[in-house]
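Below is one structure, written out as structure tokens, with a few remarks after it.
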2 protein chains.
Amino acid sequence: MADILRRDSAMPLHAQITEALQLQIKAGELKAGENFPSERELAERFSVSRMTVRQALLRLRSDGLIYRERGVGTFVANRKIDVHTRNLSGFSEEMISLGLTPSSRVLQLTRETAAERVAQDLDLEPDAAVFHLERLRLADDEPMAFETTYLSAHLCPQLDSVDLTVNSLYEILTEKYNLQMHHAAESLEAAAATRFVAAQLDIKIGAPVLVVHRVVYSEANQPIESAHTTYRADRYRATFYLSKNAL
Amino acid sequence: MADILRRDSAMPLHAQITEALQLQIKAGELKAGENFPSERELAERFSVSRMTVRQALLRLRSDGLIYRERGVGTFVANRKIDVHTRNLSGFSEEMISLGLTPSSRVLQLTRETAAERVAQDLDLEPDAAVFHLERLRLADDEPMAFETTYLSAHLCPQLDSVDLTVNSLYEILTEKYNLQMHHAAESLEAAAATRFVAAQLDIKIGAPVLVVHRVVYSEANQPIESAHTTYRADRYRATFYLSKNAL
DNA sequence: ACAAGCAAGTGGTCTAGTCCAGTATTCAAG
DNA sequence: CTTGAATACTGGACTAGACCACTTGCTTGT
């Protein structure tokens, strides 16, 4: 066990400890049976104060990797669940993590004034300029979803000059416009495919589809994106991980 | 502002501070504009150490009520989202929070041996005993969902003698069997109503429905419940709050 | 008028302890 | 053999400080 923490690193000690323990758990060095060291033992082993290892352990707990019992100890949780959608990824990232190859067909990318619903989602004046992006999302070259996205034009100028077939929209927003996704509100409902959507997704009119409406926010709670995605019900299932009250 | 913390209370100080600040935010005493006190100021005001108010503030942040910027300060987030499904509530709690009156019609409650899928979900031997519960869930006396629930029989003996039309299943599990829900994995998909479900929900065959499969776990990651809920698409929408990396 | 630099304030990190409330184990008394 | 008390652990809560990186706004010298 390499106990060496880099005290001069940009990464804080508690994050380094979190990472080290994560690795050991994933490598099976710390298994579901009890061999997990106590807070005091870890503090000594890493030569840090107990509060610091505590911070790391609380993080691991809220990530669902361990659980703790007062008076007893800390244990590795034997999760089977994919820690998946809870990480707020976009379509591309999600498909990749499922082992599929994502691609997009851009059907429309125009600059227009925001409709009422969009202005409300993005917290804009009623007639503010937005980009209106319509894409057919494919996985392994099969149509998977039809997506309509609205983005505030003043947050990402010249978005229309970017090749969205290759790059993930979220990558572009992060790297080019320094817009960091922080949290999102999603609502999901079942619906019957309209004629237009059915044609796009190559399914029958009236076939069930999963409609996801998502608004993505920055840390300062500024709305970045409002998206409306219609998935083929036979190819897509949304999965979530819910937790009660982890600190 | 009542700064009085009960130091002899069972509730820890940081939780009391969290609660106090929550109330002030909801009451509008702390608004989205900047008047939020700094950590040091709060520490002095509550007569606690800075680490203690910090714990409260981190909790408020991970709940999405505030956001923080290093070198700048702490701000009230102007959420519009219902802090809702992220709290892992059951059908009853969810309906109540939507202002509807939940009720149930128990269609079946039997003790049987676990099918393969159920045994897998609940981490049981193939032929272990389970309770099989089928309920029609109503909101304001209108059919909303059809739910099939499986529970491991050895975790909640004599479940068949409980009146499930009145009490929430989760309340019973918590109070009677000391089973604390801690986290859950959910998957959602759209489907077309089968004849049986259509009859139960009073909709047409083939109408879109939202099918939610949920496995609920205790803190020690022991599976407690496996549920399969079919919602009327025209009356129900699932909402989620996703966050990236709040500590 | 402007830019550079300084100081004050903020959240983030960390320390080295203390005390408490649970939980196991051990061991002795009944 | 059982019960009960002591003990030695665990995680949870809390303190009173420290230093750092970062932002902002004020001041001062050109």
Side-chain angles (χ1 to χ4, degrees), chain A residues 3 5-21 30 33-62 65-77 178 180 182 219-220 245-247, chain B residues 3 5-21 30 33-62 65-77 178 180 182 219-220 245-247:
Chain A
D3 285 1
L5 299 182
R6 303 159 312 228
R7 288 195 104 86
D8 54 349
S9 163
M11 186 183 295
L13 294 178
H14 65 81
Q16 293 182 45
I17 296 171
T18 303
E19 202 176 51
L21 292 175
L30 292 170
E34 157 141 38
N35 35 357
F36 210 98
S38 71
E39 293 183 353
R40 287 162 178 89
E41 195 178 331
L42 286 170
E44 195 177 357
R45 200 183 292 189
F46 285 112
S47 301
V48 296
S49 118
R50 200 180 138 212
M51 285 298 290
T52 304
V53 333
R54 195 171 160 73
Q55 205 172 345
L57 291 174
L58 291 181
R59 174 55 180 269
L60 289 174
R61 176 169 70 179
S62 95
L65 287 172
I66 60 174
Y67 64 94
R68 327 190 71 200
E69 285 177 36
R70 150 154 13 178
V72 186
T74 298
F75 306 90
V76 175
N178 197 30
Q180 288 282 355
H182 185 261
E219 165 142 32
N245 276 330
L247 171 64
Chain B
D3 285 2
L5 298 182
R6 300 159 313 226
R7 287 193 106 87
D8 55 347
S9 163
M11 185 183 295
L13 293 179
H14 64 81
Q16 293 183 45
I17 295 172
T18 304
E19 202 178 81
L21 293 175
L30 292 171
E34 157 141 38
N35 36 357
F36 210 97
S38 71
E39 293 183 353
R40 288 162 179 86
E41 195 179 330
L42 286 170
E44 195 178 358
R45 199 182 294 188
F46 285 111
S47 302
V48 296
S49 122
R50 197 180 141 213
M51 288 297 291
T52 302
V53 333
R54 194 170 163 71
Q55 204 171 344
L57 291 174
L58 292 182
R59 174 54 181 269
L60 290 174
R61 174 168 74 180
S62 94
L65 287 173
I66 60 174
Y67 64 95
R68 325 190 70 198
E69 285 177 35
R70 139 137 49 164
V72 187
T74 298
F75 307 89
V76 175
N178 198 30
Q180 287 283 354
H182 185 261
E219 165 144 33
N245 276 329
L247 172 64

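All chains are named by letter (A, B, ...) in the order of the sequence lines, taking the proteins before the strands, and each is independently numbered beginning at 1.
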Which of the following nucleotides, dG11(C), dG11(D), dA16(D), is nearest to the side chain of S38(B)? dG11(C)

Listed nucleotide nearest any side-chain atom of R68(A), set dC14(D), dT15(D), dG11(D): dG11(D)

Select from A15(A) and R50(A) the residue whose nearest nucleotide in DNA chain C is closer to the 5' end of that strand. A15(A)

Could you go through I17(B) and V48(B), starting from their C-alpha distance and side-chain angles, then the distance that decides it, and tell me whether this counts as side-chain contact (heavy atoms from CB on, under 4.5 Å)? CA-CA 10 Å; I17(B) 295 172; V48(B) 296; 3.9 Å; yes

Atom pair distance, as rounded to whole Å: [atom1] in [X] and [atom2] in [N]:
{"X": "L13(A)", "N": "dC19(D)", "atom1": "CG", "atom2": "P", "value": "17 Å"}
{"X": "L58(A)", "N": "dC14(D)", "atom1": "CG", "atom2": "P", "value": "14 Å"}
{"X": "F75(B)", "N": "dT23(D)", "atom1": "CZ", "atom2": "P", "value": "12 Å"}
{"X": "M51(B)", "N": "dG17(D)", "atom1": "CE", "atom2": "C1'", "value": "12 Å"}
{"X": "L60(A)", "N": "dG11(D)", "atom1": "CG", "atom2": "P", "value": "13 Å"}

side-chain contact (heavy atoms from CB on, under 4.5 Å) evaluation trace for R68(B) with L58(B): CA-CA 9 Å; R68(B) 325 190 70 198; L58(B) 292 182; 4.2 Å; yes

So which atom in [X] and which in [Y] form the shortest heavy-atom distance, rounded to 0.1 Å?
{"X": "A56(B)", "Y": "H14(B)", "value": "CB-O, 3.5 Å"}
{"X": "L42(B)", "Y": "F36(B)", "value": "CD1-CE2, 4.1 Å"}
{"X": "T18(B)", "Y": "R59(B)", "value": "CG2-CG, 4.0 Å"}

Listed pairs, N/O of protein and of nucleotides 20-26 of chain C, under 3.5 Å:
residue : atom : partner : partner atom : Å
dA21(C) : O4'  : R70(A)  : NH1          : 3.2
dG22(C) : N2   : G71(A)  : O            : 3.4

Per the side chain to side chain contact (heavy atoms under 4.5 Å, CB included) rule, which among E44(B), E41(B), Q55(B), R40(B) passes with R50(B)? R40(B)

Taking only N and O in the side chain of [X], is any of them less than 4.0 Å away from OP1 or OP2 of [N]?
{"X": "T74(A)", "N": "dT10(D)", "value": "no"}
{"X": "R54(B)", "N": "dC14(C)", "value": "no"}
{"X": "S49(B)", "N": "dG17(D)", "value": "no"}
{"X": "R7(A)", "N": "dT15(C)", "value": "yes"}

Check: R61(B) side chain, dG11(C) base, donor-acceptor under 3.5 Å: no

Do L21(A) and L57(A) pass the side-chain contact (heavy atoms from CB on, under 4.5 Å) test, and can you show the C-alpha distance, the side-chain angles, and the key distance before you say yes or no? CA-CA 9 Å; L21(A) 292 175; L57(A) 291 174; 4.0 Å; yes

